[in-house]
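Report on the following structure.
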Amino acid sequence: MATPAIRMFRKIEGLFCVYKPAGVHWKLVRGSIETSLLKGLNATPSQPLPTEVRFLALPVSEAEAPKGLTLSAASVPVLSKHPLVTGPEFQNIKVGVGHRLDASSSGVLVLAVGNGNKALNNLYNTRVTRDYTLEGEFGTATDDFSHTGRIVERSTYGHITKDKLERVLAMLQGANQKALLLYSNVDMRSQEAYEMAVQGLLGPDGKSLPILTGLRCIHFEPPNFTLEVQCINETQKYLRKVVHEIGLELRSTAMCRGVRRTRDGPFTLQDTLTRDHWAASDVIQAIGKKRSSKKNSKTQTKDSPLQPSEESTTVNQMKPVREQQ
Amino acid sequence: MVNEIAELRIQYLFTMASSCTQLCLQGRNLLRSKAVARTWQYNTQVRHCITRGSSKILNDCSINNGNHTTTQTRQRWKQQMFCYSDLATKHLATEALENKNVEENSTADVVAYKSPLLPIRDAVSVPNMPLDLDAAAEVSALELISEEEAVSITVPSDIPPASISLKDYVDKSETLSKLVQLGVDLWKLEQRPNVGSMLLKLDFNTDVAPRLLFLKDIGVDESRFGHIITQNPFVLTESLENLHSRVNFLKSQKFSPEIVASMVSRAPYILNFTVKRLDNRMGFYQQQLKLSASNTRHILARLPRLLCGSLEPVKENLKVCEMELGFKENEIQHIVITVPKVLMANKRKLTQIFDFVHNTMKVPHDLIAKFPQVLNCRFMRIRERHQFLEYLGKAQYNPDLPNYISLERLVIMPNDVFCTELALAKSADFSLFQKTL
């Protein structure tokens with residue numbers, strides 16, 4: 001029977017994304033979302049209690065015969081169905097998390113509720129790229145590559161210029177590009193490879209090493225610099241290691257101050273919900289918006305998952321390289 | 001020849017029995033769709049008739065010595081089918097009628113329905129039958145009984161003797177239904193060990209009602225009764241003299257009656273503590289914090305939970321404030337009087353907030369002591385708002401300089417007020433900024 005709570009639950013089932021603040025474990029984020037959704041679901045008006053007919057003994061006065069049973073029918077609400085006795089209608093809901101973010105990173109975190117978990121699985125089985133913004137600082141190296149670790153080495157960074165950095169980034173991109181072609185399991189000399197490359201479908205299937213498909217420096221002011229990365233199958237620790245390696249390549253040291261995810265597959269920063277908007281009604285709105293935008297984008301040109309976004313221009317540069325092969 | 005006739009009759013019985021089972025199953029489904037608590041009249045009728053029916057079969061069977069093993073088993077099965085069919089017909093009759101005065105009508109109908117089966121039963125001779133039927137079967141279900149006998153039948157109750165949930169008992173127990181009507185959350189209480197059985201054993205008029213009247217006399221609002229009992233169900237088992245003595249003790253400590261009522265409704269466990277314990281607690285707060293009596297009363301009126309919980313976390317928090325955070329005694333006093341919740345706050349959270357406010361926001365001790373609400377706030381909130389103000393260039397917490405923003409206003413205001421008044425920006429800008437952190 002569809003109570004108002006169940007109807008609301010049908011609307012909540014789906015995919016949405018949330019902005020995870022830094023310093024918070026993703027499990028806590030998932031827990032707070034689940035609590036707020038449960039609160040919204042159990043706040044819906046409950047069904048009226050079912051009634052049943054019972055024979056209640058009337059108060060028999062002394063004058064009447066003791067044997068005579070004077071019973072009267074009365075319609076009495078069944079208290080065993082009262083929410084204070086049975087408990088709230090929804091006691092837990094399945095909230096699934098997409099690609100996880102570790103505690104010191106922040107950014108887009110995709111969550112799915114109920115039946116949306118199936119869609120989540122399907123999404124992550126396809127090749128999904130993610131966009132990150134890495135903030136780095138030259139001059140120190142730490143043991144876990146982030147600014148909260150134990151300092152291992154210090155060095156000068158005065159000799160680093162922007163074009164040196166760009167050269168290092170280009171070299172890294174080339175190496176990653178080779179890895180991409182290697183893992184895509186297609187013979188590079190075939191027509192099939194060319195057609196896949198034209199459509200942007202080259203890439204590893206399923207689990208593989210993390211590959212950066214795009215790398216670009218958007219801000220350089222020694223000692224701080226900011227990189228924008230597009231990658232597949234990565235972890236945040238790997239990205240911090242990349243920053244560390246860039247420092248090493250430049251014959252200095254670097255550590256990562258912040259990892260921020262700006263896009264996870266089709267979910268961008270614009271769709272995320274901030275901390276104040278984690279109530280059930282906001283979530284329903286976000287899910288509806290995302291669904292309608294997906295429908296609109298499907299009627300337009302078909303986008304493959306490895307299609308570059310407008311922000312990064314380096315991936316476009318990769319295409320003529322591939323065609324020459 | 002006899003065997004052939006017997007076989008024919010057995011085949012006939014097969015078909016009858018199968019149809020009866022179908023009807024019986026339908027009858028059972030009809031039964032389930034009804035509410036659990038059926039009228040006792042139906043129950044007595046059915047059980048009585050079943051007992052009578054099956055016992056009559058036993059009386060009829062004559063004990064013959066024979067070695068018909070196959071026929072024996074077949075006939076035993078037949079006997080069970082007869083009992084089954086009795087049940088089916090009885091239920092069908094009672095279901096079909098839906099009358100209050102069922103007795104006469106049902107027996108009449110059933111008797112009429114039964115008749116085609118009767119001659120067969122009598123005709124087949126039953127050899128040596130081991131008693132594998134229910135022993136309770138003595139009298140035929142079809143005999144008419146008088147009203148007095150009907151009244152004297154004991155009704156087996158349909159309440160389970162043991163259950164994990166109170167919802168099986170709530171309809172039958174007057175105490176539980178009245179508690180639900182008061183607003184007590186039985187579902188929460190039954191998860192605590194032994195509380196459910198304790199509540200069941202209470203009698204409303206002798207146990208619950210006097211204590212509710214006592215609470216009303218103190219001045220507790222009736223709408224709070226449900227909350228109080230959900231928090232502290234043991235108030236219903238505490239003796240009335242103890243309750244009176246504790247309330248009188250609080251009044252003797254110069255708490256006004258309204259404050260006593262609000263303390264009881266916010267921290268119901270006060271009523272279960274001995275007078276000596278309450279006295280010890282109050283003395284502790286007065287000595288440790290070196291507060292005057294009226295200030296102690298003020299703190300306890302604002303946070304009555306201080307009298308209930310253990311004192312160890314409070315002592316630890318005081319040590320943290322003194323040693324780790326470096327507050328002076330008069331500062332701690334002021335903090336506790338303004339925000340008593342600091343005494344029961346999480347130590348780690350307290351140090352985290354203080355560390356950020358003092359070291360990152362560069363706010364000195366005396367300013368923090370002046371606005372202790374900042375220690376009570378969520379850490380993320382303070383951090384985001386400070387970073388937003390810093391980004392806008394408005395993060396100025398020194399009261400001597402212009403454009404001063406007080407800590408209190410920073411944390412207390414809701415988001416939209418904070419944006420428009422303090423940051424002079426739009427809420428949309430604030431959310432965009434939050435997404436860049």
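Below, read A as the first sequence line, B as the second, and so on, with proteins coming before strands; counting in each chain starts at 1. Heavy-atom basis, side chains included; hydrogens, waters and symmetry copies ignored.
Counting heavy-atom pairs under 4.5 Å between each of B:T230, B:L179, B:L189, B:T436 and chain A puts B:T436 at the top.
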Working for side chain to side chain contact (heavy atoms under 4.5 Å, CB included), residues A:V85 and B:E190: CA-CA 9 Å; A:V85 179; B:E190 73 191 9; 5.6 Å; no
Walk me through whether B:D171 and A:R54 qualify under side chain to side chain contact (heavy atoms under 4.5 Å, CB included). CA-CA 11 Å; B:D171 285 315; A:R54 262 187 242 167; 3.5 Å; yes
Walk me through whether A:H82 and B:V170 qualify under side chain to side chain contact (heavy atoms under 4.5 Å, CB included). CA-CA 10 Å; A:H82 195 277; B:V170 86; over 6 Å; no
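Between B:K435 and A:L269, the shortest heavy-atom contact is NZ-O, 3.2 Å. Across all non-hydrogen atoms, the minimal contact from A:L84 to B:V184 is CD1-O, 3.5 Å. Contact detail for B:Q181 and A:L79: the closest heavy-atom pair is NE2-CD1, 4.2 Å. Between A:S80 and B:K167, the shortest heavy-atom contact is CB-O, 3.2 Å.
Heavy-atom distances place the side chain of A:S106, and not its backbone, under 4.5 Å from chain B. In this structure, the portions of B:D185 lying under 4.5 Å from any heavy atom of chain A include both its backbone and its side chain.
Around atom CZ of B:R348, no more than 12 heavy atoms belonging to other residues, nucleotides or ligands sit under 6.0 Å away.
No donor-acceptor distance shorter than 3.5 angstrom exists from the side chain of A:Y19 to the backbone of B:S431, with no hydrogens or angles considered.
Side-chain contact between A:P88 and B:W187 is present, with at least one heavy-atom pair separated by less than 4.5 Å.
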